[in-house]
2 protein chains.
Amino acid sequence: MQKQQPVSPIEAHLGYWLRFVSNQVSHAFSLKLAAQDVTVAEWVVLRELYEKEEVVPSLIADRLGMTRGAISKLVDRLAAKSLVLRRPNEEDRRYQALALTGEGRKLVPELSSLADRNDEEFFGHLAPPERAMVERIMKDIVRRHGMRTVPVD
Amino acid sequence: MQKQQPVSPIEAHLGYWLRFVSNQVSHAFSLKLAAQDVTVAEWVVLRELYEKEEVVPSLIADRLGMTRGAISKLVDRLAAKSLVLRRPNEEDRRYQALALTGEGRKLVPELSSLADRNDEEFFGHLAPPERAMVERIMKDIVRRHGMRTVPVD
DNA sequence: TATTGTTATACTCTATAACTATA
DNA sequence: TATAGTTATAGAGTATAACAATA
């Protein structure tokens, strides 16, 4: 039996606790979305399209930190579910525009209320100053590290 | 053009910011581990085995919230890298014991220092009371929701 | 030649379920 | 029959890179 080197416990890392909670929150949300036959990545794309009217796939890929290939497959699924449309751009035919269908536009507010409910479930008990402090710290870390893309997974 | 229903911005959810930071922290850590040819899931298993001496795969699966099938494949990879051994149990041959090899045992402290460094990078700037508060809040949420498994992904 | 979007390949993880060896 | 571990299949992500169409 070899000697044990001193190794810090995983629970000593703040990143561990963050991932612990974040994974459970995301998982609980994904279960709620699954009841509507939507994945978290799909939800994020639908949410992006809700305000933007028409968006080019490459732009979505940049904003979400996904590859164009990943977006392409994702849009395939959303189109198959009749939630999103691809419209060819006549001026420059390399481009296309993504837009919500009527069905997709109707679905977003429902999914959004699932997100509200999920957040309330996990963080609703926090005192307002606690909540504000966590939010401030997280935003601060995002800013310090120049994080730009919306988290999808 | 249809009327827009009021939809809360994603940034209004604390879960959004948590996932944002947590994903970046985990991603940065996975890059550090990749330099040692190890994934995050593999690291968690190695870390589990470091203290426990010998562990049954089903127990690992339970603790990490993974299926037995997932653990089986994971252990295949770790065994192929000569980091983990499977030892058949002679008393009940349905069981086996997992244990670190010498190489695996040597590697864990190195990976652990990568974890330390990663945590420091993202949370080192926090004032001790801030850090303590975040940690307390996260642990509290874990306790409230009866979360038991170690987060892997 | 550069860019958009698609497609192919490979890899990690997930989940379900069939399968084997053993008890 | 129940359990431990393996294997197969399918699905959702990731990444890289080749590819066709267009500019």
Side-chain angles (χ1 to χ4, degrees), chain A residues 19 23-24 26-31 33-34 36-46 54-81 84-98 149-153, chain B residues 19 22-24 26-31 33-34 37-46 54-81 84-98 149-153:
Chain A
R19 197 170 77 234
N23 282 358
Q24 299 278 349
S26 288
H27 184 65
F29 184 40
S30 77
L31 292 181
L33 287 177
Q36 306 284 339
D37 193 28
V38 171
T39 69
V40 175
E42 287 167 7
W43 150 249
V44 174
V45 171
L46 292 174
E54 282 201 344
V55 184
V56 166
S58 296
L59 229 150
I60 296 266
D62 284 349
R63 263 196 60 75
L64 305 191
M66 299 171 76
T67 62
R68 283 176 296 153
I71 294 292
S72 187
K73 280 197 294 183
L74 219 162
V75 172
D76 279 348
R77 285 211 309 280
L78 289 169
K81 293 177 190 170
V84 161
L85 282 175
R86 287 178 165 107
R87 270 196 221 108
N89 180 323
E90 290 305 328
E91 296 175 13
D92 184 336
R93 295 171 57 190
R94 288 173 305 181
Y95 291 78
Q96 62 185 211
L98 302 180
T149 60
V150 175
V152 170
D153 60 349
Chain B
R19 196 171 76 232
S22 172
N23 282 358
Q24 299 278 347
S26 288
H27 184 64
F29 184 41
S30 77
L31 292 181
L33 287 177
D37 193 28
V38 171
T39 68
V40 174
E42 287 167 9
W43 150 248
V44 174
V45 171
L46 293 174
E54 283 201 342
V55 185
V56 167
S58 295
L59 229 150
I60 297 264
D62 284 348
R63 263 194 61 75
L64 305 190
M66 298 171 76
T67 61
R68 284 175 297 152
I71 294 292
S72 184
K73 281 197 292 184
L74 218 163
V75 171
D76 280 348
R77 285 210 309 278
L78 289 169
K81 293 177 189 170
V84 161
L85 282 175
R86 287 179 166 107
R87 270 196 221 109
N89 180 324
E90 290 305 329
E91 295 176 14
D92 184 336
R93 294 171 59 192
R94 287 174 306 182
Y95 289 78
Q96 63 185 210
L98 301 179
T149 61
V150 176
V152 169
D153 58 350

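A, B, ... follow the sequence lines: proteins, then strands. Residue 1 opens every chain. Not measured: the values here are computed from a predicted model.
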A.B. asks: Would you mind reading off the distance between A:Ile60 atom CD1 and C:dG5 atom P, rounded to a whole angstrom?
C.D. replies: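 A:Ile60 atom CD1 is separated from C:dG5 atom P by 11 Å.
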A.B. asks: By nearest heavy atom, map A:Val75 and A:His27 onto DNA chain C; which one lands nearer the 5' end?
C.D. replies: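 That would be A:Val75.
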A.B. asks: Within this structure, what is the CD-to-P distance between B:Gln96 and C:dA21, rounded to whole angstrom?
C.D. replies: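 Going from CD in B:Gln96 over to P in C:dA21 covers 15 Å.
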A.B. asks: Could you tell me the separation between the OH atom of B:Tyr95 and the C1' atom of D:dT3, rounded to a whole number of Å?
C.D. replies: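 In whole Å, D:dT3 C1' and B:Tyr95 OH are 7 Å from each other.
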A.B. asks: So which protein N/O to nucleotides 9-11 of chain C N/O distances come out below 3.5 Å?
C.D. replies:
none

A.B. asks: Find the distance B:Asp76:CG to C:dC13:C1' and express it as a whole number of Å.
C.D. replies: 15 Å
A.B. asks: Which whole-number value in Å describes the distance from B:Ile71 CD1 to D:dT7 C1'?
C.D. replies: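 Result: 16 Å.
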A.B. asks: Rounding to a whole Å, what distance do you find between B:Asp62:CG and D:dA4:C1'?
C.D. replies: 12 Å
A.B. asks: Tell me the side-chain hydrogen bond (donor to acceptor under 3.5 Å, both in side chains) pairs involving residues 70-81 of chain A, sequence neighbours left out?
C.D. replies: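 Listed by first then second residue: A:Glu42-A:Arg77, A:Glu42-A:Lys81, A:Asp76-A:Arg86.
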A.B. asks: Describe, as an angle rounded to 10 degrees, how the axis at the first end of the helix from C:dT1-D:dA23 to C:dA23-D:dT1 is tilted relative to the axis at the last end, five pairs per end.
C.D. replies: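 Result, rounded to 10 degrees: 30°.
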A.B. asks: Tell me, for nucleotides 16-23 of chain D in 5' to 3' order, what letter each nucleotide earns: B for a base near a protein heavy atom under 4.0 Å, S for only sugar-phosphate near one, - for neither?
C.D. replies: B-----BS
A.B. asks: Within this structure, what is the CE-to-P distance between B:Met66 and C:dT16, rounded to whole angstrom?
C.D. replies: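 My rounded result for the distance is 14 Å.
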A.B. asks: Looking at residues at least two apart in the chain, or sitting in another chain, which of them share a salt bridge (Lys or Arg N to Asp or Glu O under 4.0 Å) with A:Asp92?
C.D. replies: A:Arg94
A.B. asks: So which pairs with a foot in residues 54-70 of chain A pass salt bridge (charged side-chain N to carboxylate O under 4.0 Å, His left out), sequence neighbours left out?
C.D. replies: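 Those involving residues 54-70 of chain A are A:Glu48-A:Arg63, A:Glu54-A:Arg87.
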A.B. asks: Roughly, in whole Å, what's the span from CG in B:Leu78 to P in D:dT6?
C.D. replies: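 Value for this atom pair: 13 Å.
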A.B. asks: So does B:Ser58 get a side-chain nitrogen or oxygen closer than 4.0 Å to the phosphate oxygens (OP1/OP2) of D:dT3?
C.D. replies: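 No, because none of the side-chain N or O atoms of B:Ser58 sits under 4.0 Å from OP1 or OP2 of D:dT3.
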A.B. asks: In Å and rounded to the nearest 0.5 Å, what is the CG to CG distance from A:Leu98 to A:Leu78?
C.D. replies: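 So the gap between those two atoms works out to 9.0 Å.
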A.B. asks: Heavy atoms only: give me the nearest A:Val40-A:Leu33 pair and the separation to one decimal.
C.D. replies: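 Taking A:Val40 first and A:Leu33 second, the nearest heavy atoms are CA-CD1, 3.7 Å.
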A.B. asks: Between A:Ser26 and B:Arg19, which heavy-atom pair has the shortest distance, and what is it?
C.D. replies: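 That would be OG-CD, 3.1 Å.
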A.B. asks: Nearest 0.5 Å, please: how far is CH2 in A:Trp43 from OG in A:Ser30?
C.D. replies: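 Rounded to the nearest 0.5 Å, the OG-CH2 separation comes out at 14.0 Å.
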